[in-house]
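Notes follow the structure.
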Number of protein chains: 2
Amino acid sequence: MNKFHEIFRDLKQRIEQREYPAGSLLPSELNLAQMYSVSRETIRKALRLLLESGYIQKQQGKGSIVLDIQRLQFPVSGLTSFKELQDGQQINSETIVLQNKVETIPRYLAERFHIPEDQQVISLVRLRKISGEVIILDKDYLLRDIVESVPTDAAEISLYDYLEQERQLNIAYAKKEFVVEPITEEDKHYMNLKNDTHVVVVKSEVYLEDTRLFQYTESRHRLDRFKFVEFARRKHSL
Amino acid sequence: MNKFHEIFRDLKQRIEQREYPAGSLLPSELNLAQMYSVSRETIRKALRLLLESGYIQKQQGKGSIVLDIQRLQFPVSGLTSFKELQDGQQINSETIVLQNKVETIPRYLAERFHIPEDQQVISLVRLRKISGEVIILDKDYLLRDIVESVPTDAAEISLYDYLEQERQLNIAYAKKEFVVEPITEEDKHYMNLKNDTHVVVVKSEVYLEDTRLFQYTESRHRLDRFKFVEFARRKHSL
DNA sequence: GAGTGGTCTAGACCACATT
DNA sequence: ATGTGGTCTAGACCACTCA
């Protein structure tokens with residue numbers, strides 16, 4: 001729909017299909033502007049998206065160098081749902097909804113977020129299986145002021161699809177925290193933990209476009225199957 | 001030096017000092033343009049930096065909402081050195097250089113990066129102490145084609161300061177991978193591991209502006225002291 | 001010197017939220 | 001209807017790289 005977004009997608013695809021191979025230079029901004037019949041600033045917006053997602057590296061005076069996506073493959077970071085992760089890779093996965101009920105918010109969360117102690121939340125507990133093994137235990141709390149209820153089959157397929165498309169919620173940003181914690185009885189009960197004593201826990205606070213908190217999640221991962229990949233750029237002196 | 005960067009730093013500071021308190025709106029882009037005597041596009045570049053670093057949330061038709069930095073404090077992610085992390089928080093820390101020598105590249109790295117097997121590297125091993133305890137074991141390999149040698153006191157204080165300022169190297173981006181691995185004899189020997197069986201390992205491939213690989217690092221963290229915080233934005237349909 | 005990306009401008013029109 | 005941010009333009013000048 002937006003010009004710069006279309007150009008981004010087009011260039012991205014051409015890079016992925018090796019039409020612009022790794023190590024080569026993209027056409028200059030001026031050339032691209034002529035090729036797509038847009039202004040240079042519009043090209044620059046598209047290139048910025050490519051830069052941020054790790055497809056190119058720019059050099060003043062030289063040009064835009066295409067990076068090696070083979071090498072930098074699967075950078076999986078940011079605010080991405082389990083479903084989207086699986087779609088990106090071809091992995092056979094399965095979600096089992098253990099719990100989907102309304103309750104009052106746990107006290108430690110009410111305190112942490114300065115929310116009334118009688119706040120109602122939807123409490124979801126889900127198991128994530130990959131190749132038949134239970135790898136992840138997800139515990140979600142959704143504020144009931146914002147979502148009244150979630151159909152269990154939506155929780156099974158993709159919660160974010162449902163919230164964004166059916167409920168028209170605009171998920172905007174999140175604070176994520178990665179820590180390692182000793183296992184609980186619940187972990188031991190639901191996951192195939194062998195002799196593990198710890199799990200990796202990813203705690204996320206998710207906010208809407210209007211800055212309202214609407215979700216808190218603890219995603220508990222089996223140690224030996226946890227992997228998080230990130231593409232990072234150096235920010236020179238903010 | 002750049003106008004938009006100066007404006008970013010100014011607005012950032014005013015937000016941190018609660019001149020623009022959390023939940024309030026910044027002046028409109030048109031107003032800001034007049035206040036700083038610049039064009040609106042320049043203001044928009046500054047606001048984009050604020051948006052990306054989690055200081056504001058924009059809403060079309062409404063304005064730029066200041067976010068609660070108390071709540072979203074210490075988002076520590078991206079490509080940041082140990083020194084910079086410590087500077088951001090007031091923690092007493094110490095670095096001990098265990099090794100600083102030239103050797104041929106380990107075979108698994110030569111294969112992984114398609115580098116000649118006789119490539120020379122600088123091999124650094126460093127311990128990171130926080131409050132007197134050894135928390136992190138850092139193993140660095142720097143390609144000798146790019147840096148000939150590193151003074152041990154530079155490795156002790158800040159490697160990145162030295163590389164960027166003394167050596168004029170432009171560090172641009174990295175691929176980072178977070179996994180959990182069983183401990184090695186080396187881990188056991190140097191860190192106070194108690195009964196831990198695993199460590200968190202952050203593996204980083206660091207690249208220069210001209211896209212040359214120049215550093216590979218394994219940062220091995222004690223489980224109970226590992227914490228990684230990230231501010232993430234939802235990317236709607238790339 | 002020619003070509004590249006980086007910054008900045010002044011203006012236009014659109015989409016959205018509020019009154 | 002007004003004001004907000006989102007997109008796009010055409011042009012200017014600067015900083016940098018490379019032949």
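Chain letters run A, B, ... following the sequence lines, proteins first and then strands; every chain starts at 1.
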field: Closest-nucleotide ordering on DNA chain C, the 5'-leading residue of E209(A) and T42(B)
entry: T42(B)

- prompt: Looking at E205(B) and K176(B), does any basic side-chain N land under 4.0 Å from a carboxylate oxygen?
  reply: no

message: Less than 3.5 Å apart, any donor N or O on the side chain of D140(B) or Q215(B) sitting next to an acceptor on the other?
response: yes

task: Check DNA chain C against residues 56-66 of chain B and give the residues with a non-hydrogen atom under 4.0 Å, in numerical order.
output: Q60(B), G61(B), K62(B)

- prompt: Where does the angle between the aromatic ring planes of Y207(B) and Y173(B) fall among parallel (under 30°), tilted (30 to 60°) and perpendicular (over 60°)?
  reply: parallel

- prompt: Earliest and latest nucleotide of DNA chain D, 5' to 3', sitting under 4.0 Å from a non-hydrogen atom of chain B?
  reply: dG3(D) to dC8(D)

Show every donor-acceptor pair shorter than 3.5 Å between a side-chain atom in residues 57-65 of chain B and any protein atom, with sequence neighbours excluded, or say none if there are none.
{"residue": "Q57(B)", "atom": "OE1", "partner": "R233(B)", "partner atom": "NH1", "Å": "2.7"}
{"residue": "Q57(B)", "atom": "OE1", "partner": "R233(B)", "partner atom": "NH2", "Å": "3.3"}
{"residue": "K58(B)", "atom": "NZ", "partner": "E29(B)", "partner atom": "OE2", "Å": "2.8"}

- prompt: Rounded to the nearest Å, what distance is computed from the CG atom of residue D210(B) to the P atom of nucleotide dG5(C)?
  reply: 17 Å

message: Can you tell me how the ring of F226(A) sits relative to the ring of H221(A), calling it parallel under 30°, perpendicular over 60° and tilted otherwise?
response: perpendicular

Parallel, tilted or perpendicular: ring planes of F178(A) versus F228(A), cut at 30 and 60 degrees: tilted

Pairwise side-chain contact, Y36(A) with L11(A), heavy-atom cut-off 4.5 Å (strictly under): yes

- line: Comparing F4(A) with L26(B), nearest DNA chain D nucleotide closer to 5' gives the residue L26(B)

message: Please determine whether the number of non-hydrogen atoms from other residues, nucleotides or ligands lying under 6.0 Å from atom CD of E148(A) exceeds 12.
response: no

Separation of atom CZ in R44(B) from atom C1' in dC14(C), rounded to whole Å: 13 Å

